[in-house]
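Notes follow the structure.
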Protein chains: 2
Amino acid sequence: MTDQSVTKRTRQRRPDTRPSEILAAALALFSEKGFAAARMEDVAARAGVSKGAIYLYFPDKSALLKSIVHQAIGEQIAVAARMADHIEGPVAPVMAQLAGMLAHRIETTDLPSIIKLVIGESRAHPEIGQYYLDNVVKLALPLLERLLSHGIATGEFRAVDPNLTVKCMIGPLMLSALWHAVFVPLGAAPYSVAALADQHMDIFLRGLRP
Amino acid sequence: MTDQSVTKRTRQRRPDTRPSEILAAALALFSEKGFAAARMEDVAARAGVSKGAIYLYFPDKSALLKSIVHQAIGEQIAVAARMADHIEGPVAPVMAQLAGMLAHRIETTDLPSIIKLVIGESRAHPEIGQYYLDNVVKLALPLLERLLSHGIATGEFRAVDPNLTVKCMIGPLMLSALWHAVFVPLGAAPYSVAALADQHMDIFLRGLRP
DNA sequence: TTAGTTACTGACTGGTCAGTCATTAAACTC
DNA sequence: GAGTTTAATGACTGACCAGTCAGTAACTAA
């Protein structure tokens with residue numbers, strides 16, 4: 001309150017930077033209080049604008065939620081897909097690398113909060129859950145499934161059910177994201193997601209050997 | 001509407017059965033619409049009572065949420081603990097059995113919806129998240145950790161980080177619960193959690209062999 | 001300097017809903 | 001079957017908040 005009134009006492013006109021500031025504030029408040037309990041006035045206050053200003057950039061409250069998810073997902077899966085879809089040698093290192101990338105994103109971005117939001121609001125706002133399902137789940141899982149099937153075909157892995165096994169692969173990472181978004185704020189011990197990903201892939205890939 | 005008005009047209013006095021009926025209705029609506037968006041009047045309607053009647057049995061709305069979680073958790077962890085804490089032979093079959101039990105509970109009870117609720121409401125209602133953390137997470141994980149450490153000590157498993165490895169073990173089951181609570185209602189393909197637990201433990205235990 | 005344009009403000013409105021309570025009805029008592 | 005107790009009702013109230021809009025401040029072009 002006191003210090004920021006030094007830097008900006010009067011109102012500012014910054015139409016370019018407002019939307020992202022508002023989204024950042026909204027994500028913080030939504031994941032802190034839940035979507036329904038977060039007040040637009042508080043989002044505005046945290047973004048340093050008045051309530052009305054939000055409605056210059058977003059049609060309504062749920063548009064904030066949608067924009068947050070859209071922005072966070074973006075191109076990311078497509079990038080991973082390109083990386084994974086034409087490989088020559090063994091697939092195990094590629095899988096380990098993908099797990100490491102995901103772990104890194106869990107530790108350095110807002111992904112955990114966003115996953116938490118998607119889970120919590122998917123019924124009240126099915127478009128959100130649907131978007132995540134279509135643009136993340138339905139791209140990422142088949143991608144890993146192809147990778148796994150390829151490994152089985154070449155004899156690198158033993159025969160397992162690819163559909164189920166893919167879920168075994170990402171389960172621990174999903175749990176890590178939720179652990180850090182849900183339980184750490186309540187006092188649970190945080191841990192290195194990268195270390196977990198390493199440990200998991202070590203066990204997992206060894207368990208897939210013929 | 002029409003048929004139940006045949007069976008019970010007038011108001012009934014059934015103080016013994018009301019609370020559980022109200023809780024069942026509340027769980028259904030909370031997991032359908034989210035806690036905040038569920039209206040007490042709708043909970044009452046689904047339970048076949050008036051809104052006022054709910055307040056004869058529960059002090060307020062959040063008491064419904066608390067009771068749902070309390071009731072669902074109950075003794076269950078303690079039972080598993082008793083089963084797991086004095087074993088003689090190899091621990092691998094015990095771990096597989098515990099995973100199977102959890103898978104069964106995910107498939108046959110409201111556990112997935114409850115997990116979803118805890119995740120979604122843990123910030124707005126920290127007591128809920130705290131209760132789950134204290135009575136489920138902080139009991140179940142150390143229990144599995146002890147089991148795992150014992151297996152490492154006897155040479156049944158190779159040396160891994162027990163703390164991280166336990167999270168690798170339950171991650172896929174957690175994901176299954178959320179899959180069925182969040183994505184299946186949106187059109188994702190359901191799958192057998194028991195089969196996933198089998199597949200997972202097959203890979204996991206093989207990956208732990210010395 | 002001034003006239004015009006665009007960004008922003010915040011008091012206000014209309015609707016929603018948790019929780020209350022005076023009233024009614026069922027069940028029990030003697 | 002009159003009197004008492006306890007369960008249940010639903011209209012009502014007070015608080016809350018998303019979204020609006022008349023007004024104001026900042027910037028721009030002339």
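Here is how names work: the chains are called A, B, and so on, in the same order as the sequence lines, proteins then strands, and each is numbered from 1.
Following rounding to the nearest Å, B/Glu41 (CD) and D/dA11 (C1') show an atom-to-atom distance of 10 Å. A/Arg14 has its CZ atom 11 Å from the P atom of D/dC27, to the nearest Å. The nearest whole Å value for the distance from the CZ atom in B/Arg39 to the P atom in C/dG19 is 14 Å. The CE-C1' distance, from A/Met40 to C/dT9, rounds to 15 Å in whole Å.
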Side-chain donor-acceptor contacts of residues 131-140 of chain B below 3.5 Å, not counting sequence neighbours, with atom names and distances?
| unit_1 | atom_1 | unit_2 | atom_2 | d |
| --- | --- | --- | --- | --- |
| B/Asn135 | ND2 | B/Tyr131 | O | 2.9 |

Give the C-alpha distance, both sets of side-chain angles, the deciding distance and a yes or no for salt bridge (charged side-chain N to carboxylate O under 4.0 Å, His left out) between B/Glu21 and B/Arg14. CA-CA 11 Å; B/Glu21 291 169 10; B/Arg14 301 184 284 107; 2.8 Å; yes

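No contact: A/Ala44 has no heavy atom under 4.0 Å from any strand. Using a 4.0 Å heavy-atom criterion, one finds that B/Ala38 contacts the sugar-phosphate atoms exclusively.
Between B/Ile87 and B/Leu147, some side-chain heavy-atom pair lies under the 4.5 Å cut-off. Counting heavy atoms from C-beta on, the side chains of A/Pro112 and A/Trp179 never come closer than 4.5 Å.
Aromatic ring orientation, B/Phe204 versus B/His200: tilted (interplanar angle from 30° to 60°).
Considering only the side chain of A/Lys51, C/dA11 comes nearest among C/dA11, D/dT9, C/dC8.
Heavy-atom distances under 4.0 Å link DNA chain D to B/Gly52, B/Ala53, B/Leu56, B/Tyr57 of residues 52-67 of chain B, given in residue order.
A close approach under 4.0 Å does occur between a side-chain nitrogen or oxygen of A/Arg18 and OP1 or OP2 of C/dC8.
Taking a 6.0 Å sphere around NE2 of A/His104, one finds it holds 12 or fewer heavy atoms contributed by other residues, nucleotides or ligands.
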